[in-house]
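Worksheet for the structure shown next.
Below, chain A is the first sequence line, B the second, and so on; all start at residue 1.
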Amino acid sequence: MQNDLVLYNTLHRKKEVFKPIHEGRVGLYVCGPTVYGDAHLGHARPAITFDLLFRYLTKIGYKVRYVRNITDVGHLENDADEGEDKIAKKARLEQLEPMEVVQYYVNRYHQAMEALHVLPPSIEPHASGHIIEQIEFVKKIVTNGWAYESEGSVYFDVEKYNKSHHYGKLSGRNIDELLSTGRELDGQSEKRNNVDFALWKKASPEHIMRWPSPWSDGFPGWHLECSAMGTRYLGEEFDIHGGGMDLMFPHHECEIAQSVGALGHETVHTWMHNNMITINGQKMGKSLGNFITLEEFFEGNHQALTQAYSPMTIRFFILQAHYRSTVDFSNEALQASEKGLERLMGAYARLLKIGASSNSSIDTKGIRERCFEAMNDDLNSPIVISHLFDACKSINMISDGKATINAEDLKELKEVFELFIQDILGLGLDEKTSQSAGEGYKGAINLLLDMRMDAKVNKDWATSDKIRNELTALGFEIKDTKDGYEWKLVK
RNA sequence: GGUACCUUGGCCGAGUGGCUAGGCACCGGUCUGCAAAACCGAUUACGGCGGUUCGAAUCCGCCAGGUACCUCCA
């Protein structure tokens, strides 16, 4: 830890030196998925962004408790308080128990995350498993006078809250105009004001997911779970709350109001928001229907995709942009990432094989410091990657016998690559390279390629090309090197 | 309509006052039986207009274009 870690705090709209509440420990909460459909590319952005943060904080010595929730109840389809529950709707359409829907998509989400090398969080609480905590949270808000009951439902009184607090401070909006001009015209609503949001909703008779409460048989409002579970596992005050920018309003704004309403103070010190992934310049999202699921990327099974993209390509693509920038999806951009990742990982594989000389003819010093510096500057992963690419050039020269490196520098370079590529950026070595294949399998391929080497020595090009062509047809990629060969399975 | 943000070379994408980001593609060369990979070199930038400054992609103003949030969305 050469310098201080600086993070952009959405709440103050500036970069701030990160100081944990408790020395050596970090509490991190990130909004997870609503599990009523497969995860798409957009879901990979916060998962990877905060995985990067989680990994980095851990690597620089913090003990991190990372909580990422599963929303399995309370997230309504349309207006925050009127529509059908997303999970319940899916269950009704598929004729399944709501919890079957939840389990199915949670399993698939976990598979996708594992493929992307997103580490599991420390705790992954389900909203439906914390109904008691949520009811207690609502009780406090009601007791403190910030909420009212109406027809068995409980709503947060935004107008009252806004008189003494700033509802909109996070998203930078002033709610006054909305309050003065946004009255309901039809007068049908149970709410006093249409900016009020639900803390507890009374369930209609056909609604399956329901729990008893002091107000009605019903279910919690969507915004409540994060306040209740964050507090439950990270305390009344914690360090970092993350999520997508689109959750800033109203979701995170409501969380702030709920915390102040229940506890009398805010809970979150640093708010972090990742930007969106766009497709043809537009946000990729459920509502626009222009999303491509992660599985479709992995399998190349979507009309907008000209090929399949590996999970590591997707991860690298996301890490090549800073998390607060939008990043536009295109086949061209992904193919560039694929090639770039190949270059990076190829050099890494070579690094593990090169030998030390008595002196270094190239300068690899300072890479560690420069990478840390970039990470400390609000997780600037693209800059980290550019420094690693600089080192790739040196590694390739050494591998080609055009440069040398001494034992000390070599050891340092290996450590830096392992630290940043594997541990921090989370880019695993390709599982199908000769490095990690099983012994028997590896031996068989090596035997074939040794035979090809012999054929080459005898200038038997027919045999050597036959071996290479047939292995290529089976999905292997063969590259000749100065005194041997490299291979990997690419399909 | 309100609020915020963005516009960098063929493509992606860093960079917030002076110093070649990086990757991909393309072109020339080296190496190679061929191919791939690798290395060397060349080329292509800061939406437009004006201002501040010794100096602006970077600060300020105006204009043009685009996006996000304001309803669910990562």
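Straight-line distance between the P atoms of B:A42 and B:G28: roughly 16 Å, to the nearest whole Å. Between B:A4 and B:U8, the distance separating the two P atoms is 23 Å to the nearest Å. Using atom P as the reference point in both B:G48 and B:C11, the two lie 15 Å apart (nearest Å). Going from the P atom of B:C72 to that of B:G10 covers 42 Å, rounded to whole Å. Spacing between B:G65 and B:G47 at atom C1', rounded to whole Å, works out to 8 Å. Taking atom C1' on both nucleotides, B:G15 is separated from B:G23 by 15 Å, rounded to a whole Å.
Here B:A74 is the nucleotide among B:G2, B:A74, B:A14 with the atom lying nearest to any side-chain atom of A:Met276. Nearest nucleotide to the side chain of A:Trp222, out of B:A21, B:A68, B:C72: B:C72. Considering only side-chain atoms of A:Arg350, the nucleotide from B:A25, B:A37, B:C39 that sits closest is B:A37. Distance from the side chain of A:Ala321 is smallest for B:A14 among the nucleotides B:C73, B:A14, B:G33. Nearest to the side chain of A:Ile277, among B:A74, B:G23, B:C34, sits B:A74. Checking B:A21, B:A74, B:C34 against every side-chain atom of A:Ser386, the shortest atom distance belongs to B:A21. Of the candidates B:A25, B:A74, B:C70, the closest approach to any side-chain atom of A:Phe249 belongs to B:C70. Proximity note for A:Asp480 (side chain, C-beta onward) versus B:A35, B:C73, B:A14: the nearest is B:A35.
Within 4.0 Å of A:Met397, counting heavy atoms only, lie sugar-phosphate atoms of the nucleic acid but no base atom. Across all strands, A:Ser325 comes closer than 4.0 Å only to sugar-phosphate atoms, never to a base (heavy-atom distances). If you check every strand for non-hydrogen atoms under 4.0 Å, A:Arg343 touches sugar and phosphate atoms only. When heavy atoms are screened at a 4.0 angstrom cut-off, A:Asp328 is found touching the sugar-phosphate backbone but no base atom. As judged by a 4.0 angstrom heavy-atom cut-off over every strand, A:Asn380 is placed among residues touching the sugar-phosphate backbone only. Note on A:His40: a base of the nucleic acid sits closer than 4.0 angstrom, heavy atoms only. Across all strands, A:Asn396 comes closer than 4.0 Å only to sugar-phosphate atoms, never to a base (heavy-atom distances). Looking at heavy-atom distances under 4.0 Å, A:Leu41 makes no contact with the nucleic acid at all. Within 4.0 Å (heavy atoms only), A:Ser287 reaches at least one base atom of the nucleic acid. Counting any heavy atom pair closer than 4.0 Å across all strands shown, A:Asp390 reaches sugar-phosphate atoms only and no base atom. Backbone-only contact: A:Leu247 has heavy atoms under 4.0 Å from sugar-phosphate atoms and none from a base. No engagement by A:Lys459 is indicated, since no non-hydrogen atom pair under 4.0 Å with the nucleic acid exists. Contact annotation for A:Gly42: base contact, defined as any heavy-atom pair under 4.0 Å involving a base atom. If you check every strand for non-hydrogen atoms under 4.0 Å, A:Met284 touches a base.
Aromatic rings of A:Phe329 and A:Phe297 (six-membered ring for Trp) have centroids within the 6.0 Å cut-off, being under it. A:Phe420 has its ring centre less than 6.0 Å from the ring centre of A:Phe372. You'll find the ring centres of A:His273 and A:His252 inside the 6.0 Å limit.
Rounded to whole Å, atom P of B:C39 lies 11 Å from atom NZ of A:Lys479. Taking atom CD1 of residue A:Ile354 and atom P of nucleotide B:A38, one finds them 15 Å apart after rounding to whole Å. Atoms CZ (A:Phe389) and C1' (B:C24) sit 9 Å apart, rounded to a whole Å.
Below 30°, between 30° and 60°, or above 60°: for A:Tyr348 and A:Phe417 the angle between ring planes is between 30° and 60°, a tilted geometry.
For the pair A:Lys466 and A:Asp460, the salt-bridge criterion is not met [side-chain N within less than 4.0 Å of a carboxylate O].
Distances shorter than 4.0 Å separate none of the side-chain N or O atoms of A:Lys402 from OP1 or OP2 on B:C31. Proximity of A:Lys283 to the phosphate of B:C69: a side-chain N or O atom is located under 4.0 Å from OP1 or OP2. The side chain of A:Lys339 contributes an N or O atom lying less than 4.0 Å from OP1 or OP2 of B:A25.
Cation-pi geometry between A:Lys14 and A:Tyr8 is not met at under 6.0 angstrom from the ring centre and within 45 degrees of the axis.
From A:Leu11, atom CG reaches atom CD of A:Glu16 across 8.0 Å, with rounding to the nearest 0.5 Å.
Counting all heavy atoms, side chain and backbone alike, A:Ala44 lies closest to A:Leu294 at CB-CD2, 3.9 Å.
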